Amino acid sequence: MRDTRVLTRPAWLEKLHVWRCEHISDKLFIIILALLVGFFAAVAAFVLHSLINQISALLTGQVDSTGANWLYLVLPVIGIYLTSLFVRYIVRDDISHGITRILYAISAKRSRLKPHNTWSSVVASAITIAFGGSVGAEAPIVLTGSAIGSNIGQLLRLDSRTLMLLMGCGAAGAIAGIFKAPIAGLVFTLEVLMIDLTMASLLPILVSCVTATCFTYIFSGDTTLFSFHIDSDWTVERVPATVLLGVFCGLVSLYFIRMMTATEGMFAHFKDRPYLRLLIGGSMLSLLIFLFPSLYGEGYQSISLLLNGRTEADWNQILDGSLFYGHSELLLAYLAFVLFTKVYATSATNGAGGVGGTFAPSLFIGCFAGFLFARLWNENSIGVYIPEKNFALLGMAGVMSGVMHAPLTGIFLIAEITSGYNLFMPLMITSVCAYLTIIIFEPHSIYGMRLAKQGKLITHHTDHAVLTLMSLDSVIDRDYMAVNPDMELGDIVHKISQSHNSQLPVLDEAGVLLGEIDISRIRNVVFRIELYHHFRASQLMTQPAETLNDTQSMAEVMKAFDSTGAGWLPVLDAERHLKGYISRQRIYGMYRKMVADMSQE
């Protein structure tokens, strides 16, 4: 469990480690760490939501519910500007796309997150959301929880495998704490973070989830995030409507992912022009919130209205504070507009410089999609009556399952945060149908698709996971003996005596690879001293069977070795400068060791 790369520890840490090894077993020690991680994740979640609620109440306490509010044109821009200043001058690092950053840290950074990630996302997302940023607090708090686990592990000099487990504990604890949903926290690590649940990892993650949930109850009481009272039990006659809702949610999820990607791509063009990004994104967000106030912040108040409404008057409250106020006949149009503009509001928030996630937006869109679907179904008398509140709840699970490619997370999260266990069967139907619909078009979740394109996404397939975790840079042998093209055979023989591999690269003055000399192919001239002045490197070199570049994935590297049968292959940068060689024997040995390690429970 120790990090063998670290040779020294601080004196106090070494004494603590010695005492721990004598009195506490490794398994018990991990359980204790998981408990600590769960506690700190719960504290972080409570602090974040408290900050958001307090600041938001202060800013919007005087909002007029009977008409449009010009304040909505100003607050989001101010919030994003303050967030961007905080990130640029205090954090000085990119803290956007929290869950994607966790996946990247697991696959490419040996599960190491920076210390500032334990607090920076909490502050930045609190400012963004409280001022109206149309994003969620869940991804930032998941990043915070994972960073807490990672940094505790780094402080104790634990190995990468244990760091990954502690990151999973932090993420699971964050989800369990922020939603009071321990089962959802557990399955989240399985489906979204792709952390395999072996017997060695199951108990620590469960401990973290339960700890975080218990302390959240202590901090904020025993109420669930959304109060929900079922009006009508689910019946088998509603199966067709439930299946169609799942398909609809899958298509809405596809729209969400595609539009989010396209809009983020647009803002990426202005990466080096922050004030232009603020102008474009802030203007877009402010205008959307002015027209549709439901887009302000996380949108949980609007979700509660749709889930708890009993009469038309209750549901019409969602029009408060907008230009639609008093026009109940436009409720469906308002819901549709909000449903399809939420993705632009979320993208504009992050694109302009705000910090937040897509967790809450997927719940928000799902709730609106489910309610809109049920209302249209009932008004057109398509079949048996379906309760709109229930289908709003089902829609939340459906869109979350589609956006995250995580049907189990969608099922258990919605059941736990609403106490809607009586709807477990339709929750399963909707989530599965939504997932089966979207995987036809998108093989990866909104969090994983960016890394999947780079070949850096961990999956549950052991071979693929091992290749993703292997670092190309770590297997490059930079200790090579290079020769120039004009070097005579006599000098080449001297180089051969100093080389530990069978290839001598031939480089020009700029370090560009021209070819290589295979020692095994020049045996017939190496021992003939009379030929030492007759041959030069340019005459003896051949082209390598294949060259690798330093941006290739390990899967591509393995394919290159399989197709060529070579023992050594050179690695070049973009300008064809030689970075070193990779040994077939070394890479396969490392691969076998990692497979064996991952197979242990």
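Atom set for the values below is all heavy atoms of this structure, side chains included, hydrogens, waters and symmetry mates excluded. All values derive from a computational prediction rather than experimental measurement.
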(message) Could you check whether any side-chain N or O of Thr349 sits under 3.5 Å from a backbone N or O of Gly133, counting only pairs where one atom can act as donor and the other as acceptor?
(response) no
(message) Can you give me the closest heavy-atom contact between Leu427 and Leu393, atom names plus distance?
(response) CD2-O, 4.3 Å
(message) Can a donor-acceptor pair be found, under 3.5 Å and without considering hydrogens, that links the side chain of Asn151 to the backbone of Ile148?
(response) no
(message) Do Leu206 and Leu202 have side chains that approach each other closer than 4.5 Å (heavy atoms only, starting at C-beta)?
(response) yes
(message) Against the six-membered ring of Tyr217, is Lys180 placed for a cation-pi contact (under 6.0 Å from the centre, within 45° of the normal)?
(response) yes
(request) Kindly indicate whether the side chain of Leu363, heavy atoms from C-beta on, has any atom under 4.5 Å from the side chain of Ile414. (result) yes
(message) When you measure from the side chain of Ser146 to the backbone of Leu143, do you find a donor-acceptor pair of N or O atoms at a distance under 3.5 Å?
(response) no
(request) Kindly determine whether Val18 and Glu22 satisfy side-chain contact (heavy atoms from CB on, under 4.5 Å), including the steps that lead there. (result) CA-CA 6 Å; Val18 172; Glu22 292 176 352; 3.7 Å; yes
(message) Ignoring hydrogens, what is the shortest heavy-atom contact between Leu166 and Leu33? Give both atom names and the distance.
(response) CD2-CB, 3.9 Å
(message) Would you say Ser50 and Gln54 are linked by a side-chain donor-acceptor pair, where the criterion is simply a distance under 3.5 Å?
(response) no
(request) Quick one: pull up CZ in Phe391 and CG in Leu306 and give me the separation to the nearest 0.5 Å. (result) 15.0 Å
(request) Ignoring hydrogens and angles, tell me if any N or O in the side chain of Ser56 forms a donor-acceptor pair with the backbone of Asn53 under 3.5 Å. (result) no
(message) Treating Thr242 as the side-chain partner and Ile429 as the backbone partner, does any N or O pair qualify as donor plus acceptor under 3.5 Å?
(response) no
(message) I need the minimum non-hydrogen distance between Asp93 and Val87, along with the two atoms involved.
(response) O-CG1, 3.3 Å
(request) Compare all side-chain heavy atoms of Phe441 with those of Leu251 and state whether any distance is below 4.5 angstrom. (result) yes
(message) Would the distance check show the side chain of Tyr296 and the main-chain N or O of Ala130 forming a donor-acceptor pair, the cut-off being under 3.5 Å?
(response) yes
(message) Whether the side chain of Thr162 engages the backbone of Leu158 through a donor-acceptor N/O pair (distance < 3.5 Å, no angle test) should be reported.
(response) no
(request) Find the distance between OG (Ser253) and CZ (Phe248) and round it off to the nearest 0.5 Å. (result) 10.0 Å
(request) Any chance you could measure Ile175, atom CD1, to Ile183, atom CD1, to the nearest 0.5 Å? (result) 14.5 Å
(message) Using 30° and 60° as the class boundaries, would you call the ring planes of Phe219 and Phe215 parallel, tilted or perpendicular?
(response) tilted
(message) Whether Lys342 engages the ring of Phe364 as a cation-pi pair (distance to the six-membered ring centre under 6.0 angstrom, angle to the ring normal within 45°) should be assessed.
(response) yes
(request) Test Met396 against Met400 for side-chain contact (heavy atoms from CB on, under 4.5 Å), laying out the working first. (result) CA-CA 6 Å; Met396 294 168 67; Met400 170 170 283; over 6 Å; no
(message) For Ser125 versus Ser121, what's the shortest heavy-atom pair and its separation?
(response) OG-O, 2.6 Å
(message) Rounded at 0.5 Å granularity, tell me how far CD1 in Ile55 sits from CD1 in Ile127.
(response) 7.0 Å
(request) Report yes if the side chains of Val239 and Val236 come closer than 4.5 Å at any heavy-atom pair, otherwise no. (result) yes
(message) I need the minimum non-hydrogen distance between Cys249 and Gly398, along with the two atoms involved.
(response) CB-C, 3.7 Å
(message) Rounded to the nearest 0.5 Å, what separates atom CZ in Phe179 from atom CZ in Phe359?
(response) 4.5 Å
(message) Less than 4.5 Å apart, side chain to side chain, heavy atoms only: is that true for Phe86 and Val123?
(response) yes
(message) Quick check: do Arg92 and His116 have side-chain heavy atoms less than 4.5 Å from each other?
(response) no
(request) Go through the side-chain N and O atoms of Thr409 and Glu191 and say whether any donor and acceptor fall under 3.5 Å apart. (result) yes
(message) Does Ser294 form a side-chain contact (heavy atoms from CB on, under 4.5 Å) with Ile318? I'd like the steps, not just the answer.
(response) CA-CA 7 Å; Ser294 298; Ile318 207 165; 3.6 Å; yes
(message) Measuring only between side-chain heavy atoms, which start at C-beta, is Phe256 closer than 4.5 Å to Ile446?
(response) yes
(request) Kindly compute the distance separating CE (Met167) from OG (Ser150), expressed to the nearest 0.5 Å. (result) 5.5 Å
(message) When you measure from the side chain of His405 to the backbone of Glu442, do you find a donor-acceptor pair of N or O atoms at a distance under 3.5 Å?
(response) yes
(message) Taking the side chain as everything from C-beta on, heavy atoms only, tell me whether Val122 gets closer than 4.5 Å to Ile141.
(response) yes
(request) Search all heavy atoms of Ala184 against all heavy atoms of Glu416 and return the closest pair with its distance. (result) N-OE1, 2.9 Å
(message) Is a donor from one side chain sitting under 3.5 angstrom from an acceptor on the other, for Thr128 and Thr83?
(response) yes
(message) Tell me whether Gln154 contacts the main-chain N or O of Leu113 through its side chain, where contact means a donor paired with an acceptor under 3.5 Å.
(response) yes
(request) Please lay out, stage by stage, how Thr430 and Ile411 fare under the test side-chain contact (heavy atoms from CB on, under 4.5 Å). (result) CA-CA 9 Å; Thr430 305; Ile411 294 167; over 6 Å; no
